Amino acid sequence: MIDLPAAGSALSLLSSSLDAWIWVVPGLLIGLVFGAIPGVSVSMAMALVLPATLYMDFLPAIIFLTSVYTGAGFGGSVPAVLMGIPGTSSAVATTFDGYPMARQGRHNEALGAALFASCIGVLLSYMVLFVLVQPLAEMVLKMGPFEMVAVGIWGMVLLGSLGGTSVSRGLFAAGLGVLFGTVGMNTAGYMRGTLGIPWLLDGIPTIPAMVGLLAASQLFALVNTRFLVEAEEDRRISLARILDGGRLVLRHPGTMLRGALIGALIGATPGVGSSISNLLSYAETKRTAPDGHTFGQGNPKGVIASESANSSSEGGAMATMLALGIPGGGATAILLAAFAMHNVVGGPRFIDQNRDIVYAIILSNFAQALLLTVIGTGFVFVASAIVRVQLRILIPCVLVVATMGAFAIEGSSAGPITLLAFAVLGWQLSRYGYPVAAVVVGLLLGRLIETELLRAYQIAGGNALEILNHPVALTIFALMLASLAVSVWNERRGRRAADAITE
Amino acid sequence: MRSDKFTLSRRATLGLAAGAALAAPLPLRAQTYPDRPVTILVPFATGGYNDRYARAFAPFLAKQLGQPVTVINRPGGGTVLGNTFYLQQPDDGYMIMMHSAAPYIPLSILLRNAPYKAEDFWMINLPSRDATLCATATTKPTASIDAAVAALKANPAALTVGVQPASADLVNLALLVQAHGIDRSRMRIVTYDGGGPARTATMGGHVDIGLVGAEGFLPIKERIRPLLMFDEEKFEGFEETKLITDHAKQHGFEPEFVAGSQRGFVVLRRFVEKMPERYRILEAAIERATKDPDCVATLKGQQLATTWYGPEASNRAYLATHRTMAKYADLLKAS
């Protein structure tokens, strides 16, 4: 499936052109910085640099944009680990275990694990792209509404009990998130809950709401704490310990591979992407891990699962974009716009006629992943310095940056207002023991499930038996039930064994 | 000393000249428009057709106006947010919109209770015209529009139809099934919030047929079978596709349809009336830029339209779409 002559000419294309290389490092840095600002998403970082690419040649322009893509994919996890606030919506699951690790003084390891999981994730997903562009794209094209509902419900079921001690409170919080997700115009054109406010026509701005919820619940918990990391000797930033974190990734190849696979598949599916894939991968890893109960308390496997999935979504999304010419999400929509600006129409014809350019993009991304390990280590090294900043200085700074990010992404005060409103809500929820993360999950997955369920209903025309025509969806549901049954069975056996010992 | 004096007097002369220019009567000063950068407002996100058009066109407009031209995006709410923002700007001619004026402005008025009227906006030129294309995936059995219509006539629920709610496409679908006497309430209509998802669903065969803007189908032409074009003349790229006018003649009904997106430069009628001098300068600059051979070449290269229709024809087309939409507003609401 690899066209060797084209791969050869791609190599010579890359090696003969300096232009193709000088933009990689600036691109990665821009991505890292923007990705690390809470509220600025991957696609927004790319949209910001898009006008500049108008003045570059085609290949350097695309390489520059994919560098920003790769950099931002990891950048979001830096505040996720250090502050518990995801820099992008793709890093939500990274906060679940990354932040507890940081509070325990293991921020070096957590960031190292996140970085290496990201780099390997990018590498693996582009390898899949290199070998399987066409089959992967054909496969995800078959994912219709029924299949998407099944995936969404699976994620919801797995994440339902997230981070909470009480099931009923978790369900309440998730329900609240789903309800918030229904504000605005639904896919059938009905307007709901907008209160006559034009800024709510497209729904509650997801990213400011998410940052507000998580930031408030984390930052208020820090009242009366002087530093993020209590023990002074742990506040050191150590290259050796960052690399130790990287080694953790290699010690959990199964988690890494599962994350990369989920990421590539979900990333390739149009309409979903890295903000869903990191949650699904985290949930799956937690469910299957023997030490699943320690997830959420600083288990590095949680960080690896999340980061491997969100970074490998890039390769998946690129596969759909290159092979079919359709953008799976915001980031690939920007890339397609860059294609158009250079008089190139993405799609099946492009990949057939310009295999060398496609391979050059893929090979450049291999190089980007490797370069990211170096640049990312440097970035982590600098960024970790915030654990040495006193919280009374750090917290106001983070709030200001988050507010600016919220303004930037919405382009109006709607962003900061949403941030503030949801910060108050998040503070109250966490004060009374409701899991804030479940609200975020509800917000992210609820919209997907509702939209696809409505389409499934429209396709079925109200006939419930229509699902029999969708074997893939049925298979996903069957797998879900089987895996849940196995977990329940195991848990009961484990409890019985524990009972037997205490008796 | 002497040279110092000389400089001083030259400065004084310059100052006098500047003062004279400032003190000049109004009509004379109006001719200095534009004396600062002009902004193109795009009520959509970065990377879409309008955004690409504005960015590609900006340098050529800057050349004509003698001032830099910048592009800003204000997306959201089906252009309600961008339009409202634009209505709040001063009428000084320093901001123009690049807009899919039809059908977005009429739709926002009819379906989202937007606080403005269609007549508040003035079209300078709408060079880009899209049309609704009815298509099916190549993997699907439906061979022609007649086959699809026959199947739906026998059983309105025979085929699933993908379409965007609140769109020109939905109006066209409603008009077509009405002409054939098909009961729309019994049809299986599947709604997609965006042209991209609707095309993906059509191409992937999630729905049996889809009605979406034709332009976006061009890159994935190989994977779809075009069935019917809602236009009266051949559409570039889909020249072989049957036109609604021919289809209507064949079946003996009066063809009625609305154009897809009509995109181009838009200002406020208020500005045209208040500042006719400035408007004339702006219109002339856009016309010259549109006809500039360099501009034509650059835009063609990016698959962007460059025809100059002028304000008269553009306003007529825009208002005609608005009228048809208003006439069938209940069809849109009933989805």
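Per chain, numbering begins at 1; letters A, B, ... match sequence-line order. Everything numeric in this text was worked out from a predicted model, so none of it was measured.
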For a quick check under 3.5 Å, do A:Thr451 and B:Asp193 share a side-chain donor-acceptor pair by atom type? no
Between A:Glu452 and A:Arg455, does at least one N-O distance fall below 4.0 Å, as a salt bridge requires? yes
Let me know if A:Glu138 has heavy atoms under 4.5 Å from chain B in its side chain, its backbone, both or neither. side chain
Can you check whether B:Gly260's main-chain N or O pairs, donor with acceptor, with B:Asp130's side chain at less than 3.5 Å? no
Structural part of A:Leu50 lying under 4.5 Å from a heavy atom of chain B: side chain
Let's test your reading of the structure: which of B:Thr160, B:Leu81, B:Ile220 forms the most heavy-atom pairs below 4.5 Å with chain A? B:Leu81
Between B:Tyr104 and B:Ser261, a side-chain donor and acceptor under 3.5 Å: no
Within the side chain of B:His206, is there an N or O that forms a donor-acceptor pair under 3.5 Å with the backbone of B:Thr202? no
Using non-hydrogen atoms and a 4.5 Å limit, figure out which bit of B:Leu218 sits close to chain A: side chain, backbone, both or neither. backbone
When you check the gap from the basic side-chain N to the acidic O, do A:Glu450 and A:Arg192 get nearer than 4.0 Å? yes
B:Ile189 portion near chain A, given a 4.5 angstrom heavy-atom threshold: backbone
B:His99 side chain to B:Asn83 side chain, donor-acceptor N/O pair below 3.5 angstrom: yes
Would you mind checking which part of B:Arg199 comes under 4.5 Å of any heavy atom in chain A, side chain (CB onward), backbone (N, CA, C, O), both or neither? neither
Can you tell me which portion of A:Leu335 sits under 4.5 Å from chain B's heavy atoms? Options are side chain, backbone, both or neither. neither
What part of B:Arg74 lies closer than 4.5 angstrom to a heavy atom of chain A: side chain, backbone, both or neither? side chain
Please classify the contact of B:Val190 with chain A as side chain, backbone, both or neither, using a heavy-atom distance under 4.5 Å. both
Part of A:Ala460 within contact of chain B (heavy atom distance under 4.5 Å): backbone
Checking heavy atoms, do the side chain of A:Met46, its backbone, both or neither come under 4.5 Å from chain B? neither
Run the salt-bridge test on B:Arg129 and B:Glu215 with the 4.0 Å N-O cut-off and return the result as yes or no. no
